[in-house]
Amino acid sequence: MNWWQAGIIYQIYPRSFQDTNEDGVGDIQGVIRRLPYLVELGVDAIWLSPIFTSPMADFGYDIADYTDVDPLFGSLADLDNLIDAAHRCQLKLILDLVPNHTSDQHPWFRESKSSRDHPKRDWYIWRDPRPDGGPPNNWLSEFGGSGWKLDSNTDQYYYHTFLSAQPDLNWRNPSVRSAMHDVMRFWLRRGIDGFRVDAVWYLLKDDRFRDNPPNPAYRPGGLPRDALVPVYTADLPEVQSAIAGMRRVVDEFPDRVLLGEIYLPIERLVAYYGRNLDGVHFPFNFALLTAHWDAITIAKLVEEYEAALPTGGWPNWVLGNHDRPRLASRIGPDQARVAAMLLMTLRGTPTLYYGDEIGMLQAAIAPEDVRDPFERNVPGIGVGRDGCRTPMQWDGSSFAGFSAVQPWLPIAADFREKNVEIFRQDKASLYWLYRRLIQLRRNHPALAQGTYSSVTACGEVLLFVRGLPEDRVLIALNMGDKPVPVTFAKEDLPGWVLLSSFGDRDNQELTGHVDLRGNEGLIVKLSSSGTPQRRRVGVEVDRRGSG
Ligand code: GLC
């Protein structure tokens, strides 16, 4: 198995992890300082959101120099030190690659903008105005408004999927492709272990610039970009060859990984593995970020995903990231424990977002504290991403151990009761549950490598088995708050509780049925006398008890 299959990825949003130079913004030295914490937690790889030179219009996702570090985060030497330090602790380091767009301050764009005849003009997407002077077509920006901005100097519009300060590169131009490949080689040679590729399903746009059709399902008051169906601006077939090109670059180096950020329905998502598995190693599976949190929905979703995967395509699961509301606020603190168990027992690589291991909540951000440009452009409908980007809560000191000064975003209100220092002393905490789960996943190959078989989902209980012929593990998750009795088949007994989410049943022997308490999760090793070939495990859930 490859490290990116067996391991657990931990996403760090560097602005908010650890500040060491007292400017209220996290930095690379801060990540180095906290490596022992990640080792203790037990994760295997860090994905670091962008640390490159940037005017920070979109907090680093607007890059002005792909091959240097922004002074706000440190220096190239700091990054080299991080690569070394991480590797010394057996941690892999994945960087963010943002190929769809640059900053408008990038020298490439400045040159491109300087005149219609500049050799780099065609590195970006320039079009003439309509006869009435308006934008060339109806394409919308993800962050609100038209996707086109007029450059009055050269009297043409350029296209931007996101902010107007993030002009899109023209991926139909081979020079752009090879420039980006060189960027990749620059970092791969420095020893990083791979890339998470940003917004990769947007990489190519229709070469005839046709209008996107209206979205019949759109309701006023929704996200402005949802007014149109992005058939000509996203998920174009040509994207696949661009990704295959990046994959070839990654494959020039041993043991590196290419992961894709792709928000698409499952049937389209899986296309990004590539026709011959020559696409990304895996496209992030964001299905759990928006799924209604009940056993039937989740069981269905897991089965659909498992069934849609191409042969040899490796699965993965994500519960949170820097763009979506915090898990513990979405499903509540009790279910956050169940979710931890789900994430660490499903088949495929788990990605953990910093702070979710202590149940950090979506922070309420006062209007005057809003920093996210998305929220500023499209205010008031809840798109703001600041609430999931607040500083890591390390301890109960004035700035939560994140910084000695006022941080760039407010610290969440609950930091004095909810922080790493307190949770480390409390074996019943969510943090300890994560540690135990990660350890268990490491020690039980059935969890990291075994097959997935769905057993049943009824009422609020989700049951599935992860199995290898010699090791079968049943996962029973109560996604409701009422107790539910679960009866095991005789041939699977006796079973042993490997881990219980409440921490009070570990090592218990199961000989008949078990009363699953509300919000409880159990991981049970089934008796080896059960028939390993059997797809189904004999479990009965008493529906009357399932609320
Ligand atoms: C991705 C990033 C998001 C960013 C956008 C534009 O979706 O995750 O944070 O704003 O791309 O780069």
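Counting convention: from 1, in listed order, for ligands and their atoms alike. All residue numbers in this chain count up from 1 along the given sequence.
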Could you note down all residue pairs passing side-chain hydrogen bond (donor to acceptor under 3.5 Å, both in side chains) where residues 215-226 supplies at least one of them, sequence neighbours left out?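 Matches after skipping sequence neighbours: E142-R225.
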Before we go on, tell me: are the rings of Y158 and W148 under 6.0 Å apart, centre to centre?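 Centroid distance Y158-W148: not below 6.0 Å, so no.
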Aromatic contact, F17 with W394 (centres under 6.0 Å):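 Yes, the ring of F17 comes within the 6.0 Å limit of the ring of W394, centre to centre.
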Non-hydrogen atoms closer than 4.0 Å to ligand 1: which protein residues do they belong to? List them by chain and number, please.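 Contacts of ligand 1 under 4.0 Å: D58, Y61, H101, F143, F162, Q166, R196, D198, E261, H322, D323, R385, R389.
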Out of W187, F195, F186, W108, which one pairs with Y66 under the ring-ring contact (aromatic ring centres under 6.0 Å, His included) rule?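 The residue from W187, F195, F186, W108 that satisfies ring-ring contact (aromatic ring centres under 6.0 Å, His included) with Y66 turns out to be W108.
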With sequence neighbours left out, the residues meeting side chain to side chain donor-acceptor pair (under 3.5 Å) with W317 are none
Who passes side chain to side chain donor-acceptor pair (under 3.5 Å) against D323, sequence neighbours left out?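 R385, R389.
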